[in-house]
Amino acid sequence: MIPEIGPLRPWTDPTQIQIGRLPMRSTLPIDPAFRQILDGAWQFRLFEHPDAVPADAVTSGIPDGGGGWHSVQVPGNWTMQVDGDHPHYTNIQMPFPGPPPATPARNPTGVYRRTFALDSSWTGRRLVLHVGGAESVHAVFLNGAFVGYGTDSRLPSEYDVTDVVRSGENDLAVVVIRYSAHSYVEDQDQWWMAGLHRTVYVEARASVHIGDVEVDADWDPVAMTGSLSMRSTVRFEPNTEPMRGYQVRARLEDAEGGRIGSETELPVPHRHFAPYVFKGHVVTATWPDLAVRPWSAESPTRYTVRVELVDPEGAVVDSTTQQVGFRRIEVRDRQLLVNDVAVWIFGVNRHDHHPDRGKAVTVDDMRADLSAMRALNITAIRTSHYPNDSTFLDLCDELGFYVIDEANIESHGYNHVLCDDPTYRGTWLERGARMVTRDRNHPCVIAWSLGNESGYGDNHDALAGWIRSADPSRPLHYEDAIRLEGWNDGGRAATDIVCPMYPTIDSIAEYGESGLGDRPLIMCEYSHAMGNSNGSLADYWDVITSTPGLQGGFMWEWKDHGLRQVLADGTRRLAYGGQFGDIPNDCNFVADGVMSADLEPHPAAAEMAWVYRPVTVRLTPDGMEIENRQSFIGLDWMRAEWELSSDGVVTASGNLEVGDVGPRTAVAVPLPVAIVDAPCGVDVCLTVRWTSRDTTWWAPAGHLVSWDQMTLAERVASPNGSAPESEATGSTLPADSVSLPQPRLNLFRAATDNDGFKLMPDLAVRLRVGGQALREWQVVGLDRLDPEDLVRHVTKRTVDPAGTVGYHHIVEVPDELADAPRVGVVLQVAGRFERVRWFGHGPHENYPDRRASAMLAIWDQPIDRLPYLVPQEFGLRTDCRWLELVDRDTGRTLRIDIDGPPLHMSVIRHTSSELFAAASTTDLHVRDDVIVCLDVAHRGLGTASCGPDVLPEYRIEPGRYEFGYRLSSIPA
Ligand code: GAL
Ligand code: MG
């Protein structure tokens, strides 16, 4: 049994939040000489249950391996490092039977052991152990003695170990229990992991030290000055008599170390001499009217507050710093304002995730996320659904991102119970209050979130009240408050922002247009990026940018949570729920990022970068309008170039000189080139591209930031030829044409995650969760019947003397097939074709409702590979006028010229049925030949896996479809 706490079993009791844990404080840097980082290899042993941990596992000397002990890395999740306990994925349901606060019969418990030696210079100081993050609860023992117990997997816990530490070697043991009564408020949609996933260190604090520093750095947008107030708490440790004569000295410095304003030195109130008036060992100071520059995500200027504690003899006994940014956040007139200016929330939800390390992300991982985000024009992050390591906020302060900091509270499985349950009240409050206490000094944090998907109850209002009192400088955010009580006027106690998840476009438009609500609408989640997704992203932004009261939102989500798995035969894959034998699970619902788990952008990332672009260009009757969508800076950090093309061939180009365009300003400029009447039947486009002038922390110079393509003239699309009644065969084919592929009618696509959950038929079919299109296709047999039996289809085939074979198709889609996936043909061509050139939308994959970012041009690319974690339809390019496949061996080209309406095409090495049949990339075989699909109509993508399905205008209507093309084989 675990010593001390074993009999009490605090992990089974939600009211047991902490034992012996120090109060939370801001993240205060200390002289590195006084900190010893304990990261690295620890001895580790796994037990089946906390009750199965023998006392000597924590009290004996450090085991040297054997007897179940082996080495693991800290920070790390043991679920990613050891055999015998694996990651477990669930969305809403809990991984074990409840109800709260019941814990599971098998409850893996890890004992971590290591030693450390004290530095002799630390004598006389207070020793504090810092546990950065432990999932789910942990207990600390030092030299065999119980030190303390802590809950909340996503915030640090600190323990004063001065009384148990000894000179020489110290034996440290941390017991981490995988599931607890607190798991019910950590029921976020992610992998359940376990272990010490953040840094562990021990630090030596002066016996009288700076206990905390709170700063409030405000910016007055009218006076254009900053003001700073600081509240510093001094801690006289137990057994240290508070003495008169201590002073707190503080000053503000700019990045070069130059002092701003005056230095203050104020006495520390020292004793409870008159308890009635005593306010603690707290020093407050203010600096008004500072000549500083404001902080914003676009211009993240930071300053340093230096704080020193001076003892009665005049010696500096402790010192620390805080980075501050001067800014003011307000909600006014249905807008979220930063320094009095509305900002677009070009946001994304981010989880801590790494395919190999799980929840143990490194600073490099965080930086990699942030630079990839910035390169995709993201400006705002919701830390879904828990506070990150404070280093992440440091980076956001420094690099410039707006952050909604979210408390680690999600009781989704018991959505409407725990928020009113008094036994969970304390943990609600502590989780939120400890987050605010730690993170309040970060300028990047623009709002506090009370958590996610936990219903709405008294516990929320209690937390909201505490935060409003402790930090009136920031608005609150909580989705369920408005979901359950209404957008216009509901849930005011808990949220200052109307922050729905996955609303329809119509509903947000109505909120804005009705004017009935006085709060800004910022979607806390939208555009669910599961698999081939994000349909109508640009439609959202058309409404957001044209409707008052709407300010943007946070896409769901940044990265897939795929986990690297090596199978018995050595094959590697990114795994989803269930692939570790984890039951129950929610399968691939864990893979819904705009980036892969490996940080490879999915095709929709380009669409996101486009809707989030900082500058837009549009055609007006007199020329163009250029709009700077940034709130604080001009466009001069980018260079603009224009290009005129005719049928994809560039006919003129040049630099676009627009002068500087102020923030949130639009200017009219003439067209850069005189447009002579375009010849009939030609596609004429004007494209403007903005690239970065200099190399930045996130991209090399020349990075493409924004782009717009304007259509000046369009080829008129009408099907030519008269409707054939039956197949006609032309003259004898020349020898070359024999190899030309034969088209077959094609009506099915390998269901995307939005069409329906093919891996979770019970959820999709019985419970009708997620997209329903696949279910309907299966009812009519689209997935298995010969398409010729489902529609009326006639083909006319003609062969000209040069060997070109023309096809003309008429397809009549009956009413029963409304909302079919596609109408088109499929051709199977030899595998020697490795590249594809086309004149159509590109370069990236695009679909009828996800192609605002795609440009009409001539593109040349290798054949696409599946970019999604679960096999499904991919690779479409819309509105193609022609395409060519080049034979690697002979240089011969297979050319397809489209007659009549442009066609959508995909060129991949899988058939739709193969993609549909495969549950995992490891089931998928890459064909030798190449599958070319040509579609006159293709259903949009929508976001029905979690959100609105494809809008009517992107669906396939019943009726007559007519299209044609010519195939030719051209010698090298
Ligand atoms: C939301 C939830 C997220 C995630 C998403 C679907 O309901 O807040 O955590 O589950 O849906 O992927
Ligand atoms: Mg949830």
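Just so you know, these numbers use all the heavy atoms, side chains as well, and skip hydrogens, waters and symmetry mates. Counting starts at 1 for both ligands and their atoms, in listed order. Note that the coordinates shown come from a computational prediction; the quantities given were computed from them, not determined experimentally.
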### Task
Determine, using ring centers only, whether His602 and Tyr868 are less than 6.0 Å apart.
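They qualify: ring centres under 6.0 Å apart.
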### Query
Centroid-to-centroid, Tyr576 to His561, below 6.0 Å?
no
### Message
More than 12 heavy atoms of other residues, nucleotides or ligands under 6.0 Å from CD of Gln565: yes or no?
### Response
yes
### Query
Is it true that atom CZ of Arg865 has more than 12 heavy atoms of other residues, nucleotides or ligands lying nearer than 6.0 Å?
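No, CZ of Arg865 has 12 or fewer neighbouring heavy atoms, counting only those of other groups under 6.0 Å.
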Residue portion contacting ligand 1 (non-hydrogen atoms closer than 4.0 Å) for [X]:
X	result
Asn91	side chain
His528	side chain
Gln188	neither
Met530	neither

### Query
What about His412: any of its N or O atoms under 3.5 Å from an N or O on ligand 1?
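N/O-N/O distance below 3.5 Å does not exist for this pair.
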Closest protein heavy atom to [atom], given as residue, atom name and distance to 0.1 Å:
atom	answer
atom 7 (O) of ligand 1	Glu453 OE2, 2.4 Å
atom 5 (C) of ligand 1	Tyr502 OH, 3.3 Å
atom 1 (C) of ligand 1	Glu525 OE1, 2.9 Å
atom 4 (C) of ligand 1	Asp189 OD2, 3.2 Å

### Message
Under a 4.0 Å threshold between the charged nitrogen and the carboxylate oxygen, would Asp598 count as salt-bridged to Arg564?
### Response
yes
Specify the closest pair of heavy atoms between [X] and [Y], including all atoms of both residues, with the distance to one decimal.
X	Y	result
Met435	Ser449	CE-O, 3.8 Å
Glu453	Glu410	OE1-OE2, 3.1 Å
Ala538	Val611	CA-CG1, 3.7 Å

#### Entry: Sphere of radius 2.8 Å around the Mg ion (ligand 2) - protein N, O or S atoms inside
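As for protein N, O or S atoms lying under 2.8 Å from the Mg ion (ligand 2), they are Glu410 OE2, His412 ND1, Glu453 OE1.
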Against heavy atoms of [X], which atoms of ligand 1 measure under 4.0 Å?
X	value
Asp592	12 (O)
Asn452	2 (C), 8 (O), 9 (O)
Phe589	6 (C), 12 (O)
Met501	1 (C), 7 (O), 8 (O)

### Message
Ring-plane angle category for Tyr184 and Phe96, please: parallel below 30°, perpendicular beyond 60°, tilted otherwise.
### Response
perpendicular
### Query
Parallel, tilted or perpendicular: which fits the ring planes of Phe346 and Trp541, with parallel below 30° and perpendicular above 60°?
tilted
### Query
Just one of Met608, Met595, His844 clears the side-chain contact (heavy atoms from CB on, under 4.5 Å) bar with Pro601, so which one?
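Of the listed options, the one satisfying the test is Met595.
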### Query
Taking side chain as C-beta onward, heavy atoms only, is Gln872 less than 4.5 Å from Asp755?
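Side chain of Gln872 against side chain of Asp755, heavy atoms only: no contact under 4.5 Å found.
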### Message
When you measure from the heavy atoms of His385 to every atom of ligand 1, does any distance fall below 4.0 Å?
### Response
yes
### Task
Report yes or no: is the cationic atom of Arg350 (NZ for Lys, CZ for Arg) closer than 6.0 Å to the six-membered ring centre of Phe392, at no more than 45° off its axis?
yes
